[in-house]
Amino acid sequence: MRDSKFHSVKPITDPAKPQLYIETYGCQMNVNDSEVVLSVMQDAGYSLCEKMEDADVILVNTCSVRENAEQRVFGRLDLFRLEKKRRPEIVVGVIGCMAERLKDQLFDYPVVDVVAGPDAYRDLPRLVAAAKTGTGQINVHLSHEETYEDISPVRMDRNGVSAFISIMRGCNNVCSYCIVPFVRGAERSRDPQSIIREAESLIANGYKEINLLGQNVDSYLWLDPHNPSRQINFARLLEQVALIDRKIRVRFSTSHPKDMSNSVLYTMAMYDNICKHIHLPVQSGNNAVLEKMNRKYTRENYLERIDKIRKILPDCAITTDVIAGFCSETEQDHLETLSILEEVQFDGAFMFQYSERPGTRAARQFKDDVPLEVKTARLNQIIALQNEISLRNNQYTVGCEYRVLIEGTSKRSEEELMGRTSQNKTCVFPAAGHKAGDFVRVKVLSCTSATLICEIIS
Ligand code: SAH
Ligand code: SF4
Ligand code: F3S
């Protein structure tokens, strides 16, 4: 095992080495996987480059969760094909969830040389080297053990302030619409010691915020192989990470309503460096739809979890995911989704229209029978309502003060900084001599539905 303490967490760029260009699509776990890939490739002698035109090897780390995510990647492959026409010696690899789903069908696209699934990244240097002979190389084996826990991801974020750590891989739930269990395999939790070592290394390298990632963090469970009666669950892991350094912020996602325990909420209440934000996807507000989605909770169970959060953590922000137009969803069912948004008053939401994914239980058993225009209309209603709610929630914060971790300059101006509150609200404010990585107190002056406009008060 490499000693993560002395391992560089930043890319080392060297024009004398073969150049690697990586593009990443999909969730934060994919972002973190690309950092694992860079670590593996850097150890094999590659150096990261910023532009595809400079690359000897192009890797695209892909997402299959909705059809439009895949369409975007096919668009990129068209562009890589033009580059390969110009420089036939380059190697192009499709890695990640689409590689796992489509397997050797990807070789039908003449530009693809390498196909590697999410558990095959250690094999990438070999696959890329072998592809140089001109034959397509593939490894889409899914593992029950691989967690990459001995690999120190090389961070590609630009801010050097906030970093992701994957605490588990795969998913054991079978939400009927979801492709993730098929492309990521069975759930496995990572050794807590390796998670703590990685967090310590990030902190030693100046990071101020650690994001613990998993498809369902509440089902994290580590059984000590030497003493199986010793178990570490998510609440305990969260506490251990929070205790590494009380000045370092800790976040996590995603929580699952069927599994989120009170002990996680009490742990969050005990440590002020655990951020007060929970991402708790609801998906639908109607019980028949939830059942069909195989989410394993009811509207009532979900609202009970929300009540518990509000009681134990009164200042906690709650965000969610919603799917519009799932199989057989009626207008009445849809109204119940709108009403749960009203009832909970979420601070934010990711909202999608249902996209049938081949091979899932929904694709096999149910008809994708909500017409596209109805799905789109329902999604637009959901978005309009949530925007109103997000704006209202933000308006309540005007005049309040928050502690903010600065992540960098704002999108709009170099003179303005951007940071987040513990509740994960985005704040922008004049720099006043501060920089990324500083904690500052700000006062909210005004807001939009997505941003708090603030000034620094200390
Ligand atoms: N593990 C997380 C989310 C993973 S995918 C959880 O359990 O909630 C992120 C979000 O994409 C999901 O919460 C869901 O809202 C959405 N999603 C997943 N599959 C989808 C599909 N087939 N069509 C539309 N949205 C989907
Ligand atoms: Fe998909 Fe459900 Fe697993 Fe989330 S919990 S990744 S929605 S199967
Ligand atoms: Fe993430 Fe997309 Fe794969 S959401 S797990 S990159 S299918």
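Note that the structure is predicted; figures quoted are calculated from it, not measured. Counting convention: from 1, in listed order, for ligands and their atoms alike.
For the pair Leu202/Arg155, a side-chain contact is recorded, criterion being any heavy-atom separation below 4.5 Å from C-beta on. Side-chain atoms of Arg378 and Glu329, non-hydrogen and from C-beta on, do get closer than 4.5 Å to each other. Between Met41 and Ser39 there is no side-chain heavy-atom pair separated by less than 4.5 Å. Taking the side chain as every heavy atom from C-beta outward, Tyr25 and Arg76 approach each other to under 4.5 Å. Two residues are said to be in side-chain contact when any heavy atoms from C-beta on lie closer than 4.5 Å; Asn394 and Thr448 fail this criterion.
In summary, the side chains of Ser390 and Asn387 do not present any donor paired with an acceptor at a separation below 3.5 Å, with no hydrogens or angles considered. A donor and an acceptor atom, one from each side chain of Ser152 and Glu198, are nowhere located under 3.5 Å apart. In summary, the side chains of Asn216 and Asp259 do present a donor paired with an acceptor at a separation below 3.5 Å, with no hydrogens or angles considered. If you check the side chains of Ser176 and Arg357, you find no donor sitting under 3.5 Å from an acceptor. A donor-acceptor contact closer than 3.5 angstrom is absent between the side chains of Glu187 and Asn173. No side-chain donor from either of Glu146 and Tyr121 sits under 3.5 Å from a side-chain acceptor of the other. A donor-acceptor contact closer than 3.5 angstrom is absent between the side chains of Asp347 and His277.
Taken to the nearest 0.5 Å, the SG atom of Cys97 stands 7.5 Å off from the CG atom of Asn61. Rounding to the nearest 0.5 Å places OH of Tyr220 at 14.0 Å from CZ of Arg188.
Contacts between Cys97 and ligand 3 below 4.0 angstrom, taking non-hydrogen atoms only, involve the side chain exclusively.
The shell of residues lying under 4.0 angstrom from ligand 1, judged by heavy atoms, excludes Val180. Heavy-atom distances between Arg295 and ligand 1 reach below 4.0 Å in at least one pair. Gln215 counts as a contact of ligand 3, since one of its heavy atoms falls under 4.0 Å from the ligand. At least one heavy atom of Val65 sits closer than 4.0 Å to an atom of ligand 1. Residue Glu356 places no heavy atom under 4.0 Å from ligand 1. Within the structure, the closest approach of Met29 to ligand 3 does not fall below 4.0 Å when heavy atoms are considered.
Interface of Arg357 with ligand 1, defined as ligand atoms under 4.0 Å from a residue heavy atom, comprises 22 (N). Ligand-side atoms of ligand 1 in range of Gln283: 8 (O), 12 (C), 13 (O), 14 (C), 15 (O), range being under 4.0 angstrom from any heavy atom. If you number the atoms of ligand 1 from 1 as listed, the ones under 4.0 Å from a heavy atom of Phe352 come out as 10 (C), 11 (O), 15 (O), 16 (C), 25 (N).
For ligand 1, the polar-atom distance check against Tyr177 finds a nitrogen or oxygen pair separated by under 3.5 Å. Some N or O of Ser355 is nearer than 3.5 Å to an N or O of ligand 1, by distance alone.
In terms of protein heavy-atom proximity, atom 1 (Fe) of ligand 3 is nearest to Cys27 SG, 2.4 Å. For atom 8 (O) of ligand 1, the closest heavy atom belonging to the protein is Pro281 CG, 3.0 Å. Atom 9 (C) of ligand 1 has Asp321 OD2, 3.8 Å as its closest protein atom, hydrogens excluded (heavy atom only). Remark: minimum distance from atom 7 (S) of ligand 3 to any protein heavy atom is reached at Ser64 N, 3.3 Å.
Across Lys375, Gln215, Met351, His256, heavy-atom proximity to atom 4 (C) of ligand 1 is greatest for Gln215. With Cys63, Cys171, Gly96 as candidates, the residue nearest to atom 2 (Fe) of ligand 3 on a non-hydrogen basis is Cys63. Counting only non-hydrogen atoms, the option in Met293, Glu67, Met29, Arg66 that gets closest to atom 11 (O) of ligand 1 is Arg66.
At a heavy-atom cutoff of 4.0 Å, ligand 2 is surrounded by Cys171, Asn173, Cys175, Tyr177, Cys178, Val180, Pro181, Gln215, His256, Arg295.
Remark: Tyr271 pairs with no residue by the ring pair (Phe, Tyr, Trp, His ring centres under 6.0 Å) rule, at least two apart or across chains.
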